[in-house]
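Please read the structure below before turning to the comments.
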Amino acid sequence: MKFQNILSETNNGITTITINRPSKLNALNRDTIQELHKAFEAAENSSKTKVIIITGSGEKAFVAGADISEFADFSVEEGGKLAAKGQELLFDFVANLSKPVIAAVNGFALGGGLELAMAAHFRVASNNAKMGLPEVSLGVIPGYGGTQRLPQLVGKGRAMEMIMTAGMIDATQALEYGLVNHVTTPEELLEFTEKIAGKIMRNSSVAIASAINAINANYQDGENGFEVEIEEFGNCFGTEDFKEGTQAFLQKRKAVFPGK
Ligand code: COA
């Protein structure tokens, strides 16, 4: 698949998607969002992909936000559509993928950039990363899930303060807030993230997909996470991965999961 604004590469089970507009600090314009949708969809459907890493190109930015130049003259209706379409194509889409998505935050993650990192299943940051939702400084609010996912990750009070002040926090503070799970040097960011991906890949991809679904259920309106967990737990017993995992344990050998 050929892209203009992103790169997508798969090696040893890991698909790394890199937003590649460094001269615009990887700002998310319409085309980039479309391409990201296609790349994530392809990775979700590829038997070669077990884990997806999303990152930004260059040393300065993961993503410095939605492309402000594209929506500066939008009407109320166009603004609403922009948020709805973006959430459908990218942010909710990523959050609900059945394959693990890790954001490797390599610099500024602002506005839509932090929202994309938060839509990933978890985050690793380099120590030069800066994160924030500066939308109110532009007279708008986060529209790609930021008002919902930030409080889920850092708590309501911290999210309120971050959004109201439009300020940025550094990687150390993001770690303290639980917004990122690990902080590395910029040089080690991808290698470190790939190591975590390697640990994930040793496990059953079928069970991992069930776990993602059950965890996400807690954050979906009208869903009872405990009920979804019970259903997914039961479903696992009908899978080849479960047979292999339990047999391997009893036979004191390493499991070789067949997957889907
Ligand atoms: N949308 C569109 N273009 C953006 C952008 C965005 N969100 N963020 C950065 N860019 C562009 C700049 O316009 C500039 O382009 P130019 O060279 O053609 O003028 C280029 O990226 C480099 O950015 P610049 O502002 O010169 O870099 P800096 O190091 O001085 O500042 C930031 C870095 C991140 C502090 C600054 O770019 C910024 O505040 N960006 C907007 C952040 C934001 O409000 N995001 C939320 C959007 S809803």
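Owing to the predicted nature of the structure, the values given are computational and were not obtained by experimental measurement. For ligands, and for the atoms within them, numbers begin at 1 and follow the listed sequence.
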Please list, chain by chain and in numerical order, all residues satisfying side-chain hydrogen bond (donor to acceptor under 3.5 Å, both in side chains) with Gln87, sequence neighbours excluded.
none
Taking N or O atoms only and a 3.5 Å limit, does Lys60 qualify as a polar contact for ligand 1?
yes
When you measure from atom 26 (O) of ligand 1 to the protein, is at least one non-hydrogen atom found at a distance under 4.0 Å?
no
Give a yes or no on whether atom 19 (O) of ligand 1 lies under 4.0 Å from any heavy atom of the protein.
no
Would you say atom 30 (O) of ligand 1 makes contact with the protein, given that contact here means a non-hydrogen protein atom less than 4.0 Å away?
no
Could you list the atoms of ligand 1 found under 4.0 angstrom from a heavy atom of Asp67?
1 (N), 2 (C)
Please report which non-hydrogen protein atom sits nearest to atom 41 (C) of ligand 1, along with the residue it belongs to and the distance in Å to one decimal place.
Ala64 O, 3.9 Å
Heavy atom of Ser23, distance to ligand 1 below 4.0 Å:
yes
Would a search of protein heavy atoms around atom 38 (C) of ligand 1 find one under 4.0 Å away?
no
Could you tell me which atoms of ligand 1, counted from 1 in the order shown, lie closer than 4.0 angstrom to a heavy atom of Pro134?
43 (C), 44 (O), 45 (N), 46 (C)
Gap separating the CG atom of Leu133 from the OG1 atom of Thr147, nearest 0.5 angstrom
9.0 Å
Could you pull out, from Leu25, Leu138, Val63, the option with a heavy atom nearest to atom 24 (P) of ligand 1?
Leu25
What is the nearest protein non-hydrogen atom to atom 5 (C) of ligand 1, stated with its residue, atom name and distance?
Ala27 CB, 4.0 Å
Assign the ring pair Phe91 / Tyr144 to parallel, tilted or perpendicular, where the plane angle (0 to 90°) is split at 30° and 60°.
parallel
Return the residue, atom name and 0.1 Å-rounded distance of the protein heavy atom closest to atom 10 (N) of ligand 1.
Lys24 O, 3.8 Å
dist Leu114:CG -> Arg149:CZ (nearest 0.5 Å) comes out at 11.0 Å
Partners of Gln173 by side-chain hydrogen bond (donor to acceptor under 3.5 Å, both in side chains), sequence neighbours excluded?
Tyr177
Check the pair Phe122 / Ile196 against side-chain contact (heavy atoms from CB on, under 4.5 Å), numbers first and verdict last.
CA-CA 11 Å; Phe122 61 91; Ile196 302 177; 3.7 Å; yes
If you measure from CD1 on Ile6 to CD1 on Ile19, what distance do you get to the nearest 0.5 Å?
8.0 Å
Output yes when the distance from some N or O of ligand 1 to some N or O of Gly111 is under 3.5 Å, and no in every other case.
no
Any nitrogen or oxygen of Ile68 lying under 3.5 Å from a nitrogen or oxygen in ligand 1? Just yes or no.
yes
Measure the spacing between CD1 of Ile33 and CG of Leu28 and express it to the nearest 0.5 Å.
5.0 Å
Ignoring hydrogens, just give me the one of Ser69, Ala66, Gly65 whose non-hydrogen atom is nearest atom 6 (C) of ligand 1.
Ala66
May I ask you to decide if Ala61's main-chain N or O and Asn26's side chain share a donor-acceptor pair within less than 3.5 Å?
yes
What do you think, any protein heavy atom under 4.0 angstrom from atom 12 (C) of ligand 1?
no
What atoms of ligand 1 come closer than 4.0 angstrom to any heavy atom of Leu110?
34 (C), 42 (C)
Glu161 bridged to Arg158 by N-O distance under 4.0 Å
no
Would you confirm whether any non-hydrogen atom of the protein falls under 4.0 Å from atom 1 (N) of ligand 1?
yes
Taking the side chain as everything from C-beta on, heavy atoms only, tell me whether Ile14 gets closer than 4.5 Å to Met201.
yes
